[in-house]
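The next block holds one structure in the form of structure tokens; read it before the comments.
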Amino acid sequence: MKSIQSIRRGERLTILILIVFFLGMGVLVWKVVKESSFYMSHSDDVTLGMVYDRNNQVLFDPNASTETYDENYFLDVGNVIGDDSGQMTNTLVSENIEKLQNYSLIFGATPHGKTAIYSTLDHKANQTVYNAFGSKNGTAIAYNYQTGEILVCVSKPSVNILDNYSNISELPDGSLICKAFYETTPGSTQKIATTAAALETFGYDGLMSKTYTCNGIYTTKYNQQIKCHDLNGHGTQNIVQGFENSCNPFFAQLVQDMPLDNIIQTYTRMGIAVNDIKMQKIQFDGLSSFSASTKLTDTSDFDTMWSCMGQSEALASPLQMMLWESAIANASGKVTEPYLIDHTTNVTGSTKYEAKTTYGENNVFSAEVASQIKQIMRQNGQERYSSIGYPVGVKSGTAQVQNGASENSLLVGFNDDPNLPIAFCVVIEDRVSGEISTSDIVSTMLNALNQN
């Protein structure tokens, strides 16, 4: 009897050992399948594939040299596409290196594999926009607001990857990052968000009926001064005129008339982190972009008014400013999510991944408010920016940076044409009168995209 019990205990122990063994094998196989690409990406035995633009122009070649490419061929995409040197992060290559390796579990390392990333960028248009900046630094980003395809992404200064970082210690600040994904002072482009808050608060008819007078300087109840860029004043204006004139005293009085909670609610829906509330970074194709932030405490106080006009502690990334334009241009109130990878291929050249158009889960504006802002921005484009040559809706901004020592010029907006549905944000750093303007760059950009 005891021997039979011992045999049964032995059977149960054997079964338990086998279960543990097969579970362990299952975990091991899962880890091999899941993590092999990571380890192989750090192996010298695995070659990397190429990155192409939407027209099959090369954007990254692991074997690139000045013998095979013009010396400035990659300059416009140096800090957005990047390379495999490890010198930069948050570039398409650095964050998608595993997608580029010529390796598969079935075929192993394949030196002449067809692994590749096909980007949405238009390299020819991108080069044109990069060159349009001339000697000025800054950033320009544009995408199809119907589909989400990023078509242009320029950041100056950039880095020439063909130099192999031989002069890395001498590179100007900002060369190794794509400024489109990082925070900047939005200036008066923030008045779009403030106008949205006013529309949500008063309604379209209520807001249109409001007028405020600008005499050049507005004094708050705390005896603080909000100065207009035109010290002679704009006189009595409604929202359309105040928006077109980008009149600070007008918006100061508008902010003062709104409940603080209403502004915070609108800003929060837009993804702006108000008063140190944490917001997730914008993520797409392995890349990260900073979320906007500001501080709002008292609508009668200078700092809150100034923040609602894109100064004080207001910050936003050009990418996010562009995304808001999609919600307006589509008159839906929903952001069209961006993407930079159109599709990828494996070692045999078969499509492994293909992007799809998606939209934000939540509205940043109601559809009604989006349509109303669109109307205001289109009128501004018609009356002030006809020189661009396209039916644009826009808002300009002048951002005081470095404690007022210099000014950046911004222009955000959209082209209201279903055949060329482009939303954009352009920033020119340290711009002075008489130099290339943001509207010049937008015109150049739209021409380049229209021709391609």
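For clarity, every value in this text was computed on a predicted model and none was experimentally measured.
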**Asked** Just by distance, do the side chain of T68 and the backbone of S65 share a donor-acceptor pair under 3.5 Å?
**Response** yes

**Message:** Is a donor from one side chain sitting under 3.5 angstrom from an acceptor on the other, for E313 and T294?
**Reply:** no

**Asked** Taking the six-membered ring of Y353, is NZ or CZ of K99 closer than 6.0 Å to its centre and within 45° of its axis?
**Response** no

**Request:** Hey, could you give me each pair passing salt bridge (Lys or Arg N to Asp or Glu O under 4.0 Å) that has a residue in residues 189-202? Not counting sequence neighbours.
**Result:** E200-R269

**Request:** Just grab all the ring-ring contact (aromatic ring centres under 6.0 Å, His included) pairs involving residues 281-321, residues at least two apart or on different chains.
**Result:** F181-F284, Y182-F290, F302-W306

**Item:** Residue pair S155 / T139, side-chain donor-acceptor N/O under 3.5 Å
**Value:** no

**Asked** Are the side chain of D342 and the backbone of Y118 linked by a donor-acceptor contact shorter than 3.5 Å?
**Response** no

**Item:** Where at least one partner belongs to residues 391-419, residue pairs that pass salt bridge (Lys or Arg N to Asp or Glu O under 4.0 Å), sequence neighbours excluded
**Value:** K374-D416, R378-D416

**Fill in**
Tested for side-chain contact (heavy atoms from CB on, under 4.5 Å) against I81, the lone hit among V77, D83, N79 is V77

**Prompt:** If only atom types and distance count, is the side chain of S443 paired as donor or acceptor with the main-chain N or O of I388 below 3.5 Å?
**Reply:** yes

**Prompt:** Of Q253, Q256, K227, Q225, which is the lone residue that meets side-chain hydrogen bond (donor to acceptor under 3.5 Å, both in side chains) with Y218?
**Reply:** Q256

**Prompt:** Restricting to pairs with a member in residues 415-452, which pass ring-ring contact (aromatic ring centres under 6.0 Å, His included), not counting sequence neighbours?
**Reply:** none

**Side-chain donor/acceptor of K295 to backbone N/O of D276, under 3.5 Å** = no

**Prompt:** Hey, mind stepping through Y145 and N415 against side chain to side chain donor-acceptor pair (under 3.5 Å) and telling me if it holds?
**Reply:** CA-CA 9 Å; Y145 58 74; N415 185 42; over 6 Å; no

**Asked** Do D298 and T304 get their side chains close enough for a donor-acceptor pair, meaning under 3.5 Å?
**Response** no

**Message:** Please list all pairs meeting side chain to side chain donor-acceptor pair (under 3.5 Å) that have one or both residues in residues 355-372, counting only residues at least two apart or in different chains.
**Reply:** K334-N363

**Prompt:** Partners of N330 by side chain to side chain donor-acceptor pair (under 3.5 Å), sequence neighbours excluded?
**Reply:** T336

**Prompt:** Within a reach of under 6.0 Å around CD of E383, are more than 12 heavy atoms found that belong to other residues, nucleotides or ligands?
**Reply:** yes

**Item:** Note: K156-D76 ion pair, threshold 4.0 Å (strictly below)
**Value:** no

**Message:** Below 30° counts as parallel, above 60° as perpendicular, anything between as tilted: where do the rings of H123 and Y73 land?
**Reply:** perpendicular

**Message:** Tell me whether K124 at atom NZ has more than 12 heavy atoms from other residues, nucleotides or ligands lying less than 6.0 Å away.
**Reply:** no

**Item:** Heavy-atom neighbours of N167 CG exceed 12 at 6.0 Å
**Value:** yes

**Prompt:** Within a reach of under 6.0 Å around CG of N56, are more than 12 heavy atoms found that belong to other residues, nucleotides or ligands?
**Reply:** yes

**Prompt:** Would Y267 and T194 count as a side chain to side chain donor-acceptor pair (under 3.5 Å) if you check the C-alpha gap in whole Å, the side-chain angles of each, and the deciding distance to 0.1 Å?
**Reply:** CA-CA 8 Å; Y267 277 26; T194 303; 2.7 Å; yes

**Request:** For E149 and T147, run side chain to side chain donor-acceptor pair (under 3.5 Å): C-alpha distance rounded to whole Å, both residues' side-chain angles, the deciding distance at 0.1 Å, then the answer.
**Result:** CA-CA 6 Å; E149 301 161 280; T147 64; 2.6 Å; yes

